[in-house]
Enquirer: 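One structure, as structure tokens, below. Some questions next.
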Amino acid sequence: MSTSDPEHNRERDSESTFGDYGGQYVPEALMPALQELEDAYERYVLENEDGFMDEFRERMHDFGGRPTPLQRADRLSERYDREIYLKREDLVHGGAHKLNNALGQVLLAKYMGKERIIAETGAGQHGTATAMAAAHLDMPCEIYMGRTDVNRQRPNVYRMRMNGAEVNPVEAGSGTLKEAINETFRDWATTVETTHYVIGSVVGPHPFPKLVRDFQAVIGREAREQIREKAGRLPDSVVACAGGGSNTMGTFHEFVPDCADPRFANESSGRSPRDEDVDLYAVEAGGSSLEIDAEEGLAPNSATLSTGTDGVLHGAMTKLLQSEEGQIMESHSVSAGLDYAGVGPELSYLAETGRVTPVSVDDEAALNGFHRLSRLEGIIPALESSHALGYLEESHDELGDLVVVNVSGRGDKDLETVLEETEKRDLEAAPDVEVFDG
Amino acid sequence: MTDDSNAAPESDIETAIRENDPALITYITAGDPSLEDTKRYVEALDRGGSDLIELGLPFSEPVAEGATIQAAINRALDAGTTPEGFFELVDDLETEAPLLVMTYYNMILQYGSEPDVRPFVERAAEAGLSGIIVPDLPAEEADPLREACDDHGLDLVFIVAPTTEGERLETIMSQVSGFAYVQARLGTTGARADVSTATHESLERLSEYDVPKAVGFGVSEGDHAAEIVEAGADGVIVGSALIDIVAGSDDPAADLEAKAEELKRGAVRGAESLTVDAEDTPEPEQP
Ligand SMILES: Cc1ncc(COP(=O)(O)O)c(C=O)c1O
């Protein structure tokens with residue numbers, strides 16, 4: 001986010017929509033809180049009132065471990081015969097990009113005088129980051145997590161509790177992120193006067209999609225400078241996985257104006273028009289198939305941008321996995337953090353206008369991506385990030401000579417799932433996981 | 001209730017509340033456990049003295065709903081309830097009380113071949129519904145739906161929350177049609193054991209507006225109804241307590257009718273005690 005021209009930013013960022021996407025579709029009781037948050041966003045984030053952004057950056061540096069490196073991946077570069085760089089968000093404190101947003105929002109809540117923090121979590125990574133930020137800033141914190149995710153992401157459940165957060169399992173539906181978000185909205189609707197809801201991705205009602213994006217935009221801002229320094233130019237393409245889309249938008253935001261299309265020029269940055277073209281790829285979870293089981297109302301994937309249709313969920317007009325009648329489908333991904341039937345409204349807009357290319361890889365390609373990076377580069381990536389690596393393997397020929405891939409998090413949390421899922425399959429990139437049994 | 005000097009003719013809904021003040025507004029989820037059952041239950045609520053009946057069209061992500069109505073919605077969806085089935089039910093219903101549909105915005109948008117509110121509103125008007133309540137559609141986002149409702153003579157009912165104050169309250173009250181749905185407390189729907197103090201505060205804040213006010217969220221007993229009417233409401237809205245009967249009774253239709261009678265009696269008792277308190281401005285009594 002640029003604080004260089006607050007007047008311009010204020011005008012631009014008070015818009016609650018991106019094209020037709022976005023908005024504020026929430027119960028009336030929450031509207032004043034959104035207004036309050038919008039005011040706080042404009043004052044503290046966009047205008048750096050009371051030095052908010054300075055404090056945020058300092059804490060991200062000292063507590064969060066920023067900046068993260070942009071690392072040349074030597075063996076991947078060799079394998080694909082092009083320059084591959086990895087943005088190492090797995091090295092952020094807590095093991096994922098999620099802290100960028102969680103720390104920003106908990107700090108903002110503190111500036112706003114809120115007394116309590118709540119959050120939803122899918123993979124547990126956002127819950128963990130929020131619990132850490134809350135402990136760091138001395139705020140009480142409660143996390144809602146679907147029962148299925150509690151069972152498949154145990155290490156993160158322990159970590160949240162270690163940091164003093166209360167974890168509430170949500171039994172409804174398929175027990176994943178969508179249900180956890182519903183429950184957190186309900187808590188918020190009851191406690192809104194004292195509580196801030198730290199939403200975990202670029203989803204939800206305005207101003208959340210912009211607020212979260214701006215806290216995450218540090219990823220792309222660093223990456224853009226770093227690649228210039230290391231490779232002497234901007235990349236041909238940038239690749240990031242998309243669940244709700246926060247690491248995606250965080251990585252892409254600074255690169256969005258890097259194209260000839262004047263619709264995406266960002267005048268406030270003073271760099272428009274830009275003459276380098278950077279392609280942006282959002283890699284979604286293809287699950288086991290892109291086909292939808294209309295009868296059961298199940299999507300065996302979470303590829304919302306690729307296969308979804310427009311509708312309203314969790315406060316925003318966006319692309320959704322939904323039936324023709326408007327019921328939201330249960331989604332699926334081997335990776336808990338991508339398993340969501342919606343996606344951020346700004347991503348829907350950028351995909352609709354062609355600025356971002358939505359693509360997907362299936363569970364198996366993601367698992368192979370996981371093993372490949374672990375073996376070739378000594379980096380164990382999150383299963384979410386592994387989707388970006390799976391796409392790199394399948395489609396490197398289309399990505400140009402210089403590619404940045406965001407490694408949104410580390411995979412420690414996923415080891416159990418990976419062992420189990422690998423055992424079921426014959427994966428070319430995997431070690432013999434059966435030896436783990438004995 | 002003050003004299004109504006509005007030039008515009010009153011809607012079915014406004015008339016139903018003003019003429020029956022204090023009015024009983026009942027809610028059940030359509031399709032729980034089946035649309036045939038819903039038909040019998042609605043008729044029972046009508047016989048029991050409901051002055052207005054809200055029918056829930058189930059949506060899979062009911063964020064404004066507590067556990068009771070969420071469970072009802074799940075049962076209705078498991079039973080295969082569709083918007084078309086819902087409208088056919090309404091086509092069939094002949095009740096004295098006007099009917100409203102309560103549903104979430106995505107259900108309205110998706111009816112028809114493109115995301116658009118109009119086909120839903122057209123079908124709702126054709127089926128004879130008198131109004132729409134959308135818990136996830138604040139006034140700020142409501143222009144398209146309001147215009148479509150205006151064109152088809154339907155009321156679009158807005159919720160006023162305990163957090164709604166100042167300018168927002170003004171804006172909402174200037175857009176209210178039918179009645180203002182006064183949310184009794186923060187949080188979600190669900191039967192409660194008492195009447196929240198937030199109810200009294202909200203009614204106080206609204207007292208200067210000459211618009212029918214009905215209070216819901218947590219009302220479950222005749223005594224609550226009495227207290228709410230005493231606090232200045234023109235109507236009480238009851239949902240979860242009725243869903244509990246749908247889900248738990250051996251003879252839901254009979255019990256729903258009896259419950260409606262109890263609630264209506266409670267509301268009338270509340271109005272009577274007001275009359276006693278203020279002899280010089282007697283209120284018309286209900287039988
Ligand atoms: C490491 C990691 N990457 C990506 C995601 C997906 O979220 P988003 O698309 O918002 O970045 C998650 C979510 O939990 C995650 O933990």
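The sequence lines fix the lettering, A, B, ..., with proteins before strands; numbering per chain opens at 1. Keep in mind that what you see is a predicted model, and the values were worked out from it rather than measured. The basis for the numbers below is simple: all heavy atoms, side chains too, and nothing from hydrogens, waters or symmetry mates.
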Enquirer: Report which part of I108(B) has an atom under 4.5 Å of a heavy atom belonging to chain A: side chain, backbone, both, or neither.
Expert: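 Interface part for I108(B): neither.
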Enquirer: Measure the OG-CD distance between S16(A) and E141(B) for me, rounded to the nearest 0.5 Å.
Expert: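 Spacing of OG (S16(A)) from CD (E141(B)) equals 5.5 Å.
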Enquirer: Give, as side chain, backbone, both or neither, the part of P58(B) having an atom under 4.5 angstrom from any heavy atom of chain A.
Expert: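 For P58(B), the backbone is the part near chain A, not the side chain.
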Enquirer: Against chain A, work out which of A64(B), P83(B), P115(B), A71(B) has the most heavy-atom pairs shorter than 4.5 Å and name it.
Expert: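 Highest number of heavy-atom pairs under 4.5 Å: P83(B).
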Enquirer: If you count heavy-atom pairs under 4.5 Å between each of G187(B), A161(B), A67(B) and chain A, which one has the most?
Expert: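 Sorted descending by pairs with chain A, the first entry is G187(B).
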Enquirer: Verify, without hydrogens or angle tests, whether T190(A) (side chain) and L186(B) (backbone) share a donor-acceptor contact under 3.5 angstrom.
Expert: no
Enquirer: Is E140(B) in contact with chain A via its backbone, its side chain, both, or neither, using a 4.5 Å heavy-atom distance?
Expert: side chain
Enquirer: Do you know the tightest heavy-atom contact between V312(A) and Y105(B)?
Expert: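 Heavy-atom minimum between the residues: CG2-CD2, 3.8 Å.
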Enquirer: Near D20(A) CG, under 6.0 Å, is it more than 12 heavy atoms from other residues, nucleotides or ligands?
Expert: no
Enquirer: Looking only at heavy atoms, what is the nearest atom pair of Q24(A) and P138(B), with distance?
Expert: O-CG, 3.1 Å
Enquirer: Between A189(A), A172(A), G315(A), which residue shows the highest count of heavy-atom pairs closer than 4.5 Å to chain B?
Expert: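 Counting heavy-atom pairs under 4.5 Å, the top option is A189(A).
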Enquirer: Can you measure from CG (D116(B)) to CG (D310(A)) and round to the nearest 0.5 angstrom?
Expert: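 These two atoms lie 12.5 Å from each other.
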Enquirer: Which one, P135(B), G112(B), A142(B), leads in non-hydrogen pairs under 4.5 Å with chain A?
Expert: P135(B)
Enquirer: With side chains defined as the heavy atoms from C-beta onward, is the minimum distance between Y25(A) and V134(B) less than 4.5 Å?
Expert: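 Not in contact.
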Enquirer: Which bit of E165(B) comes within less than 4.5 Å of chain A, counting heavy atoms only: side chain, backbone, both or neither?
Expert: neither
Enquirer: Count the heavy atoms belonging to other residues, nucleotides or ligands that lie under 6.0 Å from CD of Q175(B), then report whether that count exceeds 12.
Expert: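 More than 12 within 6.0 Å, yes.
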Enquirer: Is there a donor in the side chain of E28(A) and an acceptor in the side chain of T164(B), or the other way round, less than 3.5 Å apart?
Expert: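 Indeed, the side chains of E28(A) and T164(B) share at least one donor-acceptor pair under 3.5 Å.
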Enquirer: Please report the interatomic distance CD1(I328(A)) to OH(Y104(B)), rounded to the nearest 0.5 Å.
Expert: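 Between I328(A) CD1 and Y104(B) OH, I get 12.5 Å after rounding to 0.5 Å.
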Enquirer: So if I take each residue of residues 176-184 of chain A and look for any heavy atom under 4.5 Å from a heavy atom in chain B, which residues do I end up with?
Expert: K178(A), N182(A)
Enquirer: If you count heavy-atom pairs under 4.5 Å between each of Q70(B), E114(B), E84(B) and chain A, which one has the most?
Expert: Q70(B)
Enquirer: What residues of residues 316-327 of chain A sit under 4.5 Å from chain B when you count only heavy atoms?
Expert: M317(A), L320(A), Q322(A), E324(A), E325(A), G326(A), Q327(A)
Enquirer: Among the options P27(A), G23(A), A33(A), pick out the one with the most heavy-atom pairs lying under 4.5 Å from chain B.
Expert: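 When all of P27(A), G23(A), A33(A) are compared, P27(A) has the most.
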Enquirer: Please classify the contact between L137(B) and chain A as side chain, backbone, both or neither, with a heavy-atom cut-off of under 4.5 Å.
Expert: both
Enquirer: Does a side-chain N-to-carboxylate-O contact under 4.0 Å join E65(B) and R186(A)?
Expert: no
